[in-house]
K.L.:
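Quick one: structure below, then a few questions.
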Amino acid sequence: MQKKYLMTPGPTPVPAEVLLAQAAPIIHHRTPDFSAAFAEAIEGLKYVFQTEGDVLLFTSSGTGVMEASVANCFCAGDTVVVCRNGKFGDRMKQIAEVYGLNVIDLDYAWTEVVDPADVATALGENPGVRGVIVTQSETSSGVLNDVKTIGVIVAEHPDTVLIVDSITGIGAVECKTDEWGLDVVMTGSQKGLMLPPGLAACTVSEKAWRAYERSTLPKYYFDWKKYQKNIEKQTTPFTPAVSLVLGLTVALKMIKDEGLENTIARHGMLAEATRRGCEALGLKLFAPPEGRGSAVTPVWVPEGVDGKAIVKTMKDRYGITIAGGQDDYTGKIFRVGHLGYFGEFDIITTLAGLEMTLAGLGYEFMRGAGIAAAQAVFMGE
Ligand SMILES: Cc1ncc(COP(=O)(O)O)c(C=O)c1O
């Protein structure tokens, strides 16, 4: 028997309480029992999104709400600014193009942070831009983009909506939807919400509803209005993922009990311990110091070591699943997730496994240095 540790930025570990809630006998979704759970889930989502506005819940993975945000806000031929510095920004650009939008492409290296000044310039130089699309927490690179400042910029443009992919941001980093003027913020269940994959949610501001009213792009399953109308009746337009919704109520209660600020602070500490632990082993962090998120820590594979072998040895020999690099960074970086149901000893265990893996692959460093650095963070040193 080998004990398994899931240290990826999605799917993430699911607490036993949440698993048990999902194991309950299935209930019908047109019943007061389901309506009560659903209403509770929507209220809890408003809390984690920090919004008093609408939150819509879909049976899909995160990409479904990404696509829906485009289909519900725009018309073919509309111009949008897409900020991209990783795989998921790339995906938003592809979706926008598939729907016939004209994309102003703010294309950064994966190791760079989106510069809000570039968004201001793009909006200034291109009157009539209908949307700005940005990934808050880029899972492929670990970069945290400053959506707060971008929110201030976009707020000056009454006909421009700000769409934020916070699929690995929500629950891990601050994301104040209303206060920061974010019009559409998205997340997925298999991330900070500590659930299996299968649910996705987004916020919709008044400004985004105005964009919806003028939008002519085709939509049916993901038509926001269908979901909003049904929320008023405490239900969903189509058969929901009932068991996941039951689990979601429990997961959201756990976050509420911890307190969102504490949840975010815990993620900050886990990320800091992971970073300091890796640096103590002589490893180099991928994301730049001015934009490191708390959901995932990507790390450069050291010279002379096979990056794919790190991920494989961690999993096969030690039972610890971490993520490799994506696209151009396959084999060049590895990524340690700490998003959702994670505590101090998950990080200690992972660093211990990483040390054993690296030592086995011939990399030289001081044994125990990574663990000691993480311990120091946890002990407030
Ligand atoms: C930032 C970000 N955006 C979008 C997605 C896409 O979500 P999904 O794979 O659930 O469709 C992910 C998933 O990894 C993500 O991390």
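Order of listing sets the numbers, starting from 1, for every ligand and every atom in it.
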K.L.:
Testing the 3.5 Å rule here: is there a donor-acceptor pair between the side chains of N145 and Y108?
P.N.:
no
K.L.:
Between A200 and ligand 1, which part of the residue brings a heavy atom under 4.0 Å of the ligand: side chain, backbone, both or neither?
P.N.:
neither
K.L.:
Enumerate the atoms of ligand 1 whose separation from the nearest heavy atom of S137 is less than 4.0 angstrom.
P.N.:
1 (C)
K.L.:
Please state which protein non-hydrogen atom is closest to atom 14 (O) of ligand 1 and give its distance, to 0.1 Å?
P.N.:
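Minimum-distance protein heavy atom for atom 14 (O) of ligand 1 reads K191 NZ, 2.7 Å.
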K.L.:
May I ask you to decide whether K256 forms a salt bridge with E258, counting only side-chain N to carboxylate O separations under 4.0 Å?
P.N.:
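Salt bridge absent between K256 and E258.
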K.L.:
Is there a side-chain contact between I163 and V132 in this structure, where contact means two heavy atoms from C-beta onward sitting under 4.5 Å apart?
P.N.:
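The answer is no; the side chains never approach within 4.5 Å.
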K.L.:
Which atoms of ligand 1 sit under 4.0 Å from any heavy atom of M66?
P.N.:
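This gives 4 (C) as the contact atoms.
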K.L.:
Counting heavy atoms only, which of K87, Q190, R91 is nearest atom 6 (C) of ligand 1?
P.N.:
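Of the listed residues, R91 has the closest heavy atom.
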K.L.:
Could you tell me the residue and atom name of the protein heavy atom closest to atom 12 (C) of ligand 1, and the distance to it rounded to 0.1 Å?
P.N.:
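For atom 12 (C) of ligand 1, the nearest protein heavy atom comes out as F88 CE2, 3.4 Å.
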K.L.:
Going by side chain to side chain contact (heavy atoms under 4.5 Å, CB included), name the residues that satisfy it together with T121, two or more places apart in sequence or in a different chain.
P.N.:
E125
K.L.:
Using the six-membered ring of Y220, assess whether NZ or CZ of K226 lies under 6.0 Å from its centre and within 45 degrees of the ring axis.
P.N.:
yes
K.L.:
In terms of atom number and element, which parts of ligand 1 are under 4.0 angstrom from non-hydrogen atoms of S61?
P.N.:
8 (P), 10 (O), 11 (O)
K.L.:
Going by the atom numbers of ligand 1, which of them fall below 4.0 Å from some non-hydrogen atom of G62?
P.N.:
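Those qualifying, in numeric order: 7 (O), 8 (P), 10 (O), 11 (O).
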K.L.:
Flag the pair K87 and D90 as a salt bridge only when some basic side-chain nitrogen lies within less than 4.0 angstrom of an acidic carboxylate oxygen.
P.N.:
no
K.L.:
Report the part of T63 in contact with ligand 1, treating N, CA, C, O as backbone and CB onward as side chain, heavy atoms under 4.0 Å; options are side chain, backbone, both, neither.
P.N.:
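Under 4.0 Å from ligand 1, T63 contributes backbone and side-chain atoms.
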K.L.:
Give the residue, atom name and distance (to 0.1 Å) of the protein heavy atom nearest atom 3 (N) of ligand 1.
P.N.:
D165 OD2, 2.5 Å
K.L.:
For the ring pair F286 and Y329, is the centre-to-centre distance below 6.0 Å?
P.N.:
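Yes - the distance between ring centres of F286 and Y329 falls below the 6.0 Å cut-off.
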K.L.:
Is there a side-chain contact between T357 and R317, using heavy atoms and a 4.5 Å cut-off?
P.N.:
no
K.L.:
May I ask you to identify the nearest protein heavy atom to atom 1 (C) of ligand 1, giving residue, atom name and distance to one decimal place in Å?
P.N.:
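It is T139 OG1, 3.1 Å.
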